[in-house]
Amino acid sequence: MLRLIVLLLAGGSLSAAAPTALPVVDLGYELHQATLNESGQYYNFSNVRYGAPPVGNLRFSAPVPPSTNGTKIFNDGSRAVTCFQAVPAWTAYTADWVVNGTAAFNISAGYQVPPLAATPPADPTATEDCLFLDVMVPQAIFETAGQGQGAPV
Ligand SMILES: *[C@@H]1O[C@H](CO)[C@@H](O)[C@H](O)[C@H]1NC(C)=O
Ligand SMILES: *[C@@H]1O[C@H](CO)[C@@H](O)[C@H](O)[C@H]1NC(C)=O
Ligand SMILES: *[C@@H]1O[C@H](CO)[C@@H](O)[C@H](O)[C@H]1NC(C)=O
Ligand SMILES: *[C@@H]1O[C@H](CO)[C@@H](O)[C@H](O)[C@H]1NC(C)=O
Ligand SMILES: *[C@@H]1O[C@H](CO)[C@@H](O)[C@H](O)[C@H]1NC(C)=O
């Protein structure tokens, strides 16, 4: 009871002291906030930028560090980012072939042009600016960072 009163008198914010506060890592060019998977007991730093957008003069070159102009973006990882994916038209036949072998094909019919009209729709999260990675960190490891032996990544 006394402790609670002291906190309130000091203007202490109870919510900020709550154990559920999510960590924010300062990467220099952005402040990145993790989410916590409670049942898995790990922090999920998702969709972390690690390179400048590989567009324009940077297209097809090695990744270069993200630029900073003094403005740090806040990123809570919720914006999904995916590089463009290519799914061959024959993908639809592979499960059939794995299960049924050559019975999956009508061999006497010869080559059949795949049904390209059935090509899957583009992923709305796909973008050329896709130099992002995900880092999962066990909560216990994150909270003892710098105090022990570290952990393999
Ligand atoms: C959280 O972790 C549990 C245990 O590892 C896992 O089964 C579950 O899929 C995870 N939840 C999400 C949203 O990834
Ligand atoms: C600074 O960088 C941020 C993030 O890349 C960008 O949104 C903003 O437009 C930049 N501002 C200037 C003045 O270049
Ligand atoms: C990490 O967070 C992202 C964004 O919320 C989510 O899509 C992804 O499933 C999460 N991964 C794990 C392993 O929890
Ligand atoms: C394997 O062949 C059976 C009979 O033609 C078919 O019903 C089934 O869908 C095939 N399996 C796959 C994975 O396509
Ligand atoms: C296989 O292809 C041949 C030649 O087009 C056709 O006559 C035959 O009916 C086909 N068989 C099956 C099971 O679709």
Side-chain angles (χ1 to χ4, degrees), residues 13-107 109-153:
S13 140
L14 291 171
S15 60
T20 50
L22 295 170
V24 175
V25 170
D26 187 347
L27 298 172
Y29 52 90
E30 78 172 26
L31 297 169
H32 200 99
Q33 186 171 52
T35 55
L36 172 65
N37 179 318
E38 304 252 10
S39 60
Q41 291 292 288
Y42 65 86
Y43 288 120
N44 174 359
F45 295 87
S46 189
N47 298 308
V48 181
R49 175 182 292 284
Y50 69 87
V55 299
N57 290 340
L58 296 179
R59 197 170 276 132
F60 305 122
S61 67
V64 304
S67 66
T68 75
N69 58 11
T71 308
K72 284 181 198 171
I73 301 291
F74 179 80
N75 185 350
D76 67 2
S78 60
R79 188 175 76 88
V81 181
T82 312
C83 293
F84 287 110
Q85 307 291 311
V87 181
W90 43 258
T91 301
Y93 298 109
T94 55
D96 197 0
W97 178 58
V98 166
V99 171
N100 293 315
T102 53
F105 309 105
N106 182 349
I107 292 170
Y111 176 74
Q112 302 291 302
V113 177
L116 294 178
T119 302
D123 180 341
T125 68
T127 167
E128 199 176 3
D129 179 12
C130 67
L131 299 183
F132 291 76
L133 51 76
D134 300 334
V135 181
M136 312 303 148
V137 189
Q139 204 177 1
I141 296 292
F142 185 85
E143 278 155 15
T144 56
Q147 299 164 31
Q149 316 254 340
V153 174

Exercise for the section: Kindly determine whether Leu22 and Leu36 satisfy side chain to side chain contact (heavy atoms under 4.5 Å, CB included), including the steps that lead there. Expected result: CA-CA 7 Å; Leu22 295 170; Leu36 172 65; 3.8 Å; yes

Exercise for the section: Report the C-alpha distance between Val81 and Asn47 in whole Å, list the side-chain angles of each, state the deciding distance to 0.1 Å, and finish with yes or no for side chain to side chain contact (heavy atoms under 4.5 Å, CB included). Expected result: CA-CA 7 Å; Val81 181; Asn47 298 308; 4.2 Å; yes

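In this structure, Glu30 contributes its side chain and Gly28 its backbone to no donor-acceptor pair below 3.5 Å. Using a distance-only test at 3.5 Å, with no hydrogens or angles considered, no donor-acceptor pair links the side chain of Glu143 to the main chain of Ala140.
Partners of Asp123 under the salt bridge (Lys or Arg N to Asp or Glu O under 4.0 Å) rule, at least two apart in sequence or in another chain, do not exist in this structure. Leu31 pairs by the side chain to side chain contact (heavy atoms under 4.5 Å, CB included) definition with Val24, Asp26, Lys72, Phe74, not counting sequence neighbours. Partners of Arg59 according to the side chain to side chain donor-acceptor pair (under 3.5 Å) rule, which considers only residues two or more places apart in sequence or in another chain, are Glu128.
The CD1 atom of Ile141 sits 15.5 Å away from the CE atom of Met136 when rounded to the nearest 0.5 Å. Rounded to the nearest 0.5 Å, atoms OH (Tyr43) and CG (Asn37) are 11.5 Å apart. Considering CD1 of Ile73 and OG1 of Thr68, their distance stands at 11.5 Å, rounded to 0.5 Å. Distance CD/Gln139 to OG1/Thr144: 11.0 Å, rounded to 0.5 Å.
In this pair, Trp97 and Phe105 present their aromatic rings tilted. The plane angle is within the 30 to 60° band.
For the pair Leu58 and Ser61, the tightest heavy-atom approach, listed with the atom from each and the gap, is O-OG, 2.7 Å. Looking at every heavy atom in both residues, Tyr29 comes nearest to Ser67 through CB-O, 4.0 Å. Closest approach of Ser46 to Asp134, counting heavy atoms only: OG-OD1, 3.2 Å. The heavy-atom pair separating Cys130 from Pro54 by the smallest distance is N-CD, 4.4 Å. Listed here is the closest heavy atom pair of Phe45 and Gln33: CD2-C, 4.4 Å. Pairing each heavy atom of Leu131 with each of Pro63, the nearest pair is CD1-CB, 4.1 Å.
The local environment of CG in Asn100 is crowded, with over 12 non-hydrogen atoms from other residues, nucleotides or ligands closer than 6.0 Å.
A side-chain N or O of Ser78 and one of Asp76 form a donor-acceptor pair less than 3.5 Å apart.
The closest side-chain heavy-atom distance from Phe142 to Val25 is below 4.5 Å. Counting heavy atoms from C-beta outward, Arg49 and Leu27 have side chains that stay 4.5 Å or more apart.
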